[in-house]
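Below you'll find the structure, written out as structure tokens, and then a few comments.
Within every chain, numbering begins at 1; the chains are lettered A, B, ... in the order of the sequence lines, protein sequences first and strands thereafter. All values below come from the heavy atoms of this structure, side chains included, with hydrogens, waters and symmetry mates left out.
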Protein chains: 2
Amino acid sequence: MNEKILTAAGPEAGQPTSPLVRKLSVELPPPSLDDHRGQRERLVEALDRSGEPAAVLSPSALKSLLGAAGWVTVLQDTTGRVLGVEPGASDAPAYGLAIDLGSTTAVVELCKLSGEVVGRAAGPNRQAQRGEDLLTRIQVAELEGTEGLRALALESLNPLIRGLAAEAGIAPTEIVAAAVAGNPTMIHLLLGLDPTPLSREPYAPMADAPDPWPAGVLGLELHPEAPVYFLPGIGAFVGGDVLGGLLASGLHRRAGVGVLVDVGTNGEIILGNRDWLVAGAGAAGPAFEGGAVKAGMRAEAGAIEALRINPITQAVNYRTIGGGVPRGICGSGLIDAVAELFLAGLVDRAGHFREGDSFQVVGPAEAAGGRAIVLDQEDLLTFIRTKAGMMAALDLVLGRVGLTASDIEVFYLAGAIANYLDLEQAIAIGLLPDLPRERFVNLGNGSLWGARLALLHQEARAELVELRTRIHYLELNVEGEFMNLFTPALFLPHTDLDRFPTIRDRLEGQGP
Amino acid sequence: MNEKILTAAGPEAGQPTSPLVRKLSVELPPPSLDDHRGQRERLVEALDRSGEPAAVLSPSALKSLLGAAGWVTVLQDTTGRVLGVEPGASDAPAYGLAIDLGSTTAVVELCKLSGEVVGRAAGPNRQAQRGEDLLTRIQVAELEGTEGLRALALESLNPLIRGLAAEAGIAPTEIVAAAVAGNPTMIHLLLGLDPTPLSREPYAPMADAPDPWPAGVLGLELHPEAPVYFLPGIGAFVGGDVLGGLLASGLHRRAGVGVLVDVGTNGEIILGNRDWLVAGAGAAGPAFEGGAVKAGMRAEAGAIEALRINPITQAVNYRTIGGGVPRGICGSGLIDAVAELFLAGLVDRAGHFREGDSFQVVGPAEAAGGRAIVLDQEDLLTFIRTKAGMMAALDLVLGRVGLTASDIEVFYLAGAIANYLDLEQAIAIGLLPDLPRERFVNLGNGSLWGARLALLHQEARAELVELRTRIHYLELNVEGEFMNLFTPALFLPHTDLDRFPTIRDRLEGQGP
């Protein structure tokens, strides 16, 4: 996979930023007996002279004007709202936050608004304690209201923010803007909006593109007046996380056909080029993020992220994140496990163990807490259903525009798993199509990347607005043809081996 | 006095309104599998189709969109902010509030946003318990912070609002906009802004024209998203209350020279015509509002609002507000008292009792609580200083533009006292100049009237913005010449009797 080409092609390279909030130095004439205009009026005029948008000040922003005279530093957002004023012409950096609020994992990234990334932190989305998948959380919200889940989202994000700020040696209130990417359910719950409409026909959200709102009102522990921008989504299943990834990929500006797949709980897909774009979502389930499988876990310290099975001895070699004692298997490790079991001949093409009904990945003596790490038949079939859903969704989207997988010139992989995933293994099990390997590009956390672009660049925010109108959304969940594509994909890698020539070769002993 | 001419000439007569918040009916296409745009996007588009300003929705406004489809009723403010949405095309009225937050008295008026006044309520400004005059309150804020005084302002206004809403049979949350007129200190304290700069050279406020802000943030018990608009002021001493009165008077659109005087604690003056306008403030003190004088009280039930003294028997005839047992004397009663004592010859032109050192207005048997209502020498001199300050300020403002009182073609009286004041008596003591009586116009509570105009009419709000730039503010407190005008005004009506020909005639037994 080629990660480098993207970073160079991305809209960030060396550009000056145009962030959600700007730090401006302006000079306020001091009040005198001949000029006793209000402090606010001095500031409004000074900003106006500098060509800034018409200033709007909250009561707390007004308070920060007490005694301000001479050169002052103003924080102003793109709508004109002034966050506050500090004495002196400061050249200290202003900070912003990119947030990827995933169903399973929350990631926050601290940036200087001049563009430099300062730090990154990730943690579980604590909402998962109320349900691993989106549908369960929507049901919880329907029964109990949104407040509990909203609080859990905040309890997931705020400690990460505090930690990042402490590491950078700044106060959280020095973070003056944020951009949040998340799927529509996550964004609804963070805003306290009822997510029920997202789970019911016709699957229309409360808002595709909520207006930015101050952090203090939302409950995020930043500067209380910091605008929090939400990356827009399309419909119930393609959220700002996916559009953020699309933005980061540049797929929408390419001449050739490309696809962007978020290999996560929701399995979103965007297919197209600079002329047309379609989107769909497979609702794959949490297996790729370590859910649903008994030995599964999030990609964090102690997770087996890669493994190999000796086809002769059946001995397992594995690598854990952080290198410590294994505690479970994360998504990339599960892909490896299923692929290795299949390629070693321990599991047949239907995903059934040829002997016994489970496989011990790590024995109790080696594993954390003395508990063996085991995959059983149910785990395998769960995981295979997940990968089949992903492939069927991709086939469905391709079919709707009259294309097949081989037409894909560039295949962007996004989602937490993308950083760790072994491409050969993913193709071996039929999670990804059997394309020339150089066509795959690991986008990493495209959602977070997109959030950072939106935080920092006006062009990115304008592009997101435009993308919303350009993308045609396909409602995959209501398509009967989905089952026709899903069933053959329940095989490893697929019933139709002609679609996986390199795997066929490998199974016949000629592959890599 | 002629109150009628004004009501007819005012900018309200029969006009359609353009209030701070409008109630609009728009049709939202229902979501479908072919159109699963967000609810927000449906609304934004519907408002856009109707030519409304670009909609902005808070999280709570978004919540009100749950399930909205077909015809809905939208509340939207002039900046585009949507307060909320209700199902159905409602023709129920929307309500707004005009607020006059005076130093001594708070008055609120409930209106339909179509223009009809529904009710009015008044009560004390509870901040007075922390200091009758502005300077004392500013000192309290400096020592203790603004929060206590802010809370007292809210405790003064919110019960009035609840009461008015109850009388009208509506919930306070059905009030969707408010316009507040007050002097700069009142507005600073209501916003929680430090008022200290108002009391110190160069007397520059924190804000002349604070931006509108949602009621919920400010602590006013209306619709929490209701925009609260503040009538702008000029400098530390001419506030939105005075500009509101000016707006209501129409003085700024007249060809001839007029003056507007707010006969209240702060004694603000605006002089001019459609070509030029100057303003100043006399800081008269609380005597006109029943403060500073021991028997003084607010103009409320039990206050002696008018009285006559028989020059032969010295018997007192009086009228109380509400007609009940007298509890004290309000401003208009005090003017009468001083005038009658003077005209009856009981007090000399310097304000000293010719015999004894006090006058019993009501004996203990007749007065509330069995406590006689008495004016002593100190009370008289306090009151005379107040009227002298008012007149000196007016003389000073006139002198600065090379005019004298006789050049005033129309004299607008504003302030709580204006409704009750006896013009002859006010002239007799030299509070008002001795002009032909038909030149006086009682504006009533001009501040409240101006607030109502700002609540209801875009033209009024635009005019206020323009007035701020048109008015030249004169800093009277720093003028040495003030004392030269104040000292002769300490006489009744003035040392220079030529300026009060009708009073001289009357003293010589030829007057009315």
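The minimum heavy-atom distance linking B:Val238 with B:Ala279 is given by the pair CG2-CB, 3.9 Å. Closest of all the heavy-atom pairs between A:Asp77 and A:Pro227 is CB-CG, 3.8 Å. The two atoms that bring B:Arg468 and B:Leu243 nearest to each other are CG-CD1, 3.8 Å, heavy atoms only. Residue A:Asp241 comes nearest to A:Glu268 through the heavy atom pair OD2-OE2, 4.0 Å, listed as atom of the first residue, atom of the second, then distance.
Of the atoms belonging to B:Ile234, not a single heavy atom falls under 4.5 Å from chain A. In this structure, chain B has heavy atoms under 4.5 Å from both the backbone and the side chain of A:Pro210. Contact of A:Leu218 with chain B is made through the side chain alone, with heavy-atom distances under 4.5 Å. If you measure heavy-atom distances from B:Pro59 to chain A, the contacts under 4.5 Å come from both the backbone and the side chain. Residue contact with chain A, scored on non-hydrogen atoms closer than 4.5 Å, involves the backbone of B:Ala55 exclusively.
Heavy-atom pairs under 4.5 Å with chain B peak, among A:Arg42, A:Lys63, A:Glu41, at A:Glu41. Ranking B:Asp194, B:Asp208, B:Leu193 against chain A, the residue ahead of the rest is B:Asp208, based on heavy-atom pairs under 4.5 Å. Interface remark: of the candidates A:Leu57, A:Asp35, A:Leu191, A:Leu57 forms the most heavy-atom pairs closer than 4.5 Å to chain B. With chain B as partner, the option from A:Gly192, A:Pro31, A:Ala209, A:Pro197 having the largest number of non-hydrogen pairs under 4.5 angstrom is A:Ala209. Residue with the most contacts toward chain A among B:Thr146, B:Leu65, B:Leu66: B:Leu66 (heavy-atom pairs, distance under 4.5 Å).
Between B:Tyr473 and A:His36, the ring planes are perpendicular. Angles over 60° get that label, and only those under 30° would be called parallel.
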Can you list the steps and then say if B:Ser58 with B:Glu225 is a side chain to side chain donor-acceptor pair (under 3.5 Å)? CA-CA 9 Å; B:Ser58 73; B:Glu225 306 266 329; 3.0 Å; yes
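Considering only heavy atoms from C-beta on, B:Arg49 stays 4.5 Å or farther from B:Val26 through its side chain.
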